[in-house]
Amino acid sequence: MISDNNDDIIPVREPDTDKSRIFEFECAMLSLGKLPVVLCIGSDRVTGDCLGPLVGQILVERGVNAFVYGTLDRPVTALNLVGAVQHIYETHPEKKILAIDSSVGKLSDVGKIRIAFGSIAPGSADGKKLPKVGDVSITATVTDPHKTPLAAVRLGTVYSLARQIASQIIDCLQ
């Protein structure tokens with residue numbers, strides 16, 4: 001547990017080592033095929049929303065075997081998501097998409113990473129009407145918005161989650 005400046009307790013989970021969870025992750029990644037598109041959604045201007053760009057940056061720096069969109073230098077945000085998705089469909093029409101985004105939830109879910117077959121609806125927590133995207137999706141709960149606003153989420157929490165996600169993706173795509 002970590003205490004932030006407001007003395008709120010934020011649970012930080014250890015990396016998920018449950019064998020069935022790892023198997024689930026590996027199966028989802030295998031369904032994407034070779035050289036998948038990894039779409040890392042989020043803004044580097046809001047700490048709680050920078051999970052996607054952090055994952056994308058780590059993947060690019062470590063030379064992952066995939067097409068990566070959304071990094072700290074070139075984030076895919078609500079403002080350019082439609083254009084990015086259109087570009088991906090035109091440039092990689094046969095490729096499957098792994099979509100990554102942060103999420104909000106209950107305090108007890110902070111630190112949980114979820115992988116699912118199917119798309120995600122970016123920005124839905126803020127009431128944004130953005131296109132659903134992804135054949136497989138990964139989300140990580142970064143805050144309970146009733147306790148800590150997205151802009152006040154600790155960078156260490158988000159960075160830890162981003163490293164875990166990137167490491168699992170890299171392990172599966174080798």
Side-chain angles (χ1 to χ4, degrees), residues 13 16 18 20-60 64-72 74-106 109-145 150 153 157-158 161-173:
R13 301 192 183 286
D16 195 347
D18 178 57
S20 65
R21 183 82 173 136
I22 293 170
F23 178 74
E24 177 184 324
F25 194 96
E26 289 172 350
C27 288
M29 293 301 295
L30 279 173
S31 76
L32 295 171
K34 292 184 186 232
L35 285 173
V37 171
V38 182
L39 178 59
C40 302
I41 303 163
S43 173
D44 62 332
R45 296 180 180 205
V46 178
T47 310
D49 195 33
C50 71
L51 177 80
L54 282 170
V55 171
Q57 190 70 36
I58 294 166
L59 293 176
V60 168
V64 73
N65 200 17
F67 299 101
V68 178
Y69 292 87
T71 63
L72 292 173
R74 299 188 70 180
V76 175
T77 69
L79 300 176
N80 64 358
L81 178 67
V82 172
V85 170
Q86 183 177 356
H87 173 78
I88 289 168
Y89 288 149
E90 290 171 1
T91 308
H92 312 285
E94 303 298 320
K95 298 293 181 188
K96 299 226 177 170
I97 299 172
L98 169 61
I100 300 168
D101 199 4
S102 59
S103 66
V104 297
K106 299 180 293 188
D109 288 336
V110 172
K112 285 187 180 177
I113 298 170
R114 292 182 176 82
I115 187 161
F117 291 96
S119 60
I120 55 175
S124 58
D126 291 335
K128 294 179 178 139
K129 302 290 184 200
L130 297 169
K132 290 184 177 182
V133 65
D135 297 290
V136 172
S137 59
I138 298 174
T139 59
T141 306
V142 297
T143 190
D144 176 340
L150 210 52
V153 173
T157 300
V158 180
L161 291 166
R163 286 188 345 180
Q164 289 175 46
I165 292 167
S167 291
Q168 286 188 303
I169 291 169
I170 290 164
D171 287 349
C172 289
L173 294 179

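Side chains of Leu98 and Ile169 form a contact here, defined as non-hydrogen atoms less than 4.5 Å apart. Side chains of Val133 and Leu39 form a contact here, defined as non-hydrogen atoms less than 4.5 Å apart. Inter-residue side-chain proximity for Val153 and Asp49 is flagged as unmet; no heavy-atom pair is nearer than 4.5 Å. At a threshold of 4.5 Å between non-hydrogen side-chain atoms, the residues Leu173 and Met29 count as touching. Within the 4.5 Å cutoff, no side-chain heavy atoms of Val55 are placed close to those of Val68. Looking at heavy atoms from C-beta onward, Val38 lies in side-chain contact with Leu59 at the 4.5 angstrom threshold.
Nearest heavy-atom pair, Ile113 versus Ala140, reported as atom, atom and distance to 0.1 Å: CG1-CB, 4.1 Å. Ser31 and Phe117 make their closest contact through OG-CE2, 3.5 Å (heavy atoms, listed as atom of the first residue, atom of the second, distance). In this structure, Thr47 and Val158 approach most closely via the heavy-atom pair O-CG2, 3.6 Å. The nearest pair of heavy atoms linking Gly42 to Pro53 is O-CG, 3.3 Å. Contact detail for Gly52 and Cys40: the closest heavy-atom pair is O-CB, 2.9 Å. Leu35 and Lys95 get closest at one heavy-atom pair: O-CD, 3.2 Å.
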Step-by-step side chain to side chain contact (heavy atoms under 4.5 Å, CB included) determination, Val37 to Lys96
CA-CA 6 Å; Val37 171; Lys96 299 226 177 170; over 6 Å; no
Report the C-alpha separation of Val110 and Val142 in whole Å, then their side-chain angles, then the decisive distance to 0.1 Å, and conclude whether the side chain to side chain contact (heavy atoms under 4.5 Å, CB included) test is met. CA-CA 5 Å; Val110 172; Val142 297; 5.9 Å; no
Check step by step if side chain to side chain donor-acceptor pair (under 3.5 Å) holds for Arg114 and Ser137. CA-CA 8 Å; Arg114 292 182 176 82; Ser137 59; over 6 Å; no
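Aromatic ring orientation, His92 versus Phe67: tilted (interplanar angle from 30° to 60°).
The backbone N or O of Leu72 lies less than 3.5 Å from a partner atom in the side chain of Gln57, making a donor-acceptor pair. With hydrogens and angles disregarded, no donor-acceptor distance shorter than 3.5 Å links the side chain of Asp44 to the backbone of Cys50. Ser102 contributes a side-chain N or O that, together with a main-chain N or O of Gly48, makes up a donor-acceptor pair within less than 3.5 Å.
Taken from CG in Leu161 to CD1 in Ile100, the straight-line distance is 12.0 Å, to the nearest 0.5 Å. For the atom pair Ile41 CD1 and Thr139 OG1, the distance stands at 11.0 Å (nearest 0.5 Å). Atom CD1 in Ile58 sits 10.5 Å away from atom CD in Gln164 (nearest 0.5 Å). Between the SG atom of Cys27 and the CG atom of Leu32 there is a distance of 11.5 Å, given to the nearest 0.5 Å.
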Under 3.5 Å, sequence neighbours excluded: what are the donor-acceptor pairs made by side chains of residues 77-89?
{"unit_1": "Thr77", "atom_1": "OG1", "unit_2": "Leu79", "atom_2": "N", "d": "3.2"}
{"unit_1": "Asn80", "atom_1": "OD1", "unit_2": "Thr77", "atom_2": "N", "d": "2.6"}
{"unit_1": "Asn80", "atom_1": "ND2", "unit_2": "Pro75", "atom_2": "O", "d": "3.1"}
{"unit_1": "Gln86", "atom_1": "NE2", "unit_2": "Glu90", "atom_2": "OE2", "d": "3.2"}
{"unit_1": "His87", "atom_1": "ND1", "unit_2": "Thr91", "atom_2": "OG1", "d": "3.4"}
{"unit_1": "His87", "atom_1": "NE2", "unit_2": "Thr91", "atom_2": "OG1", "d": "3.3"}

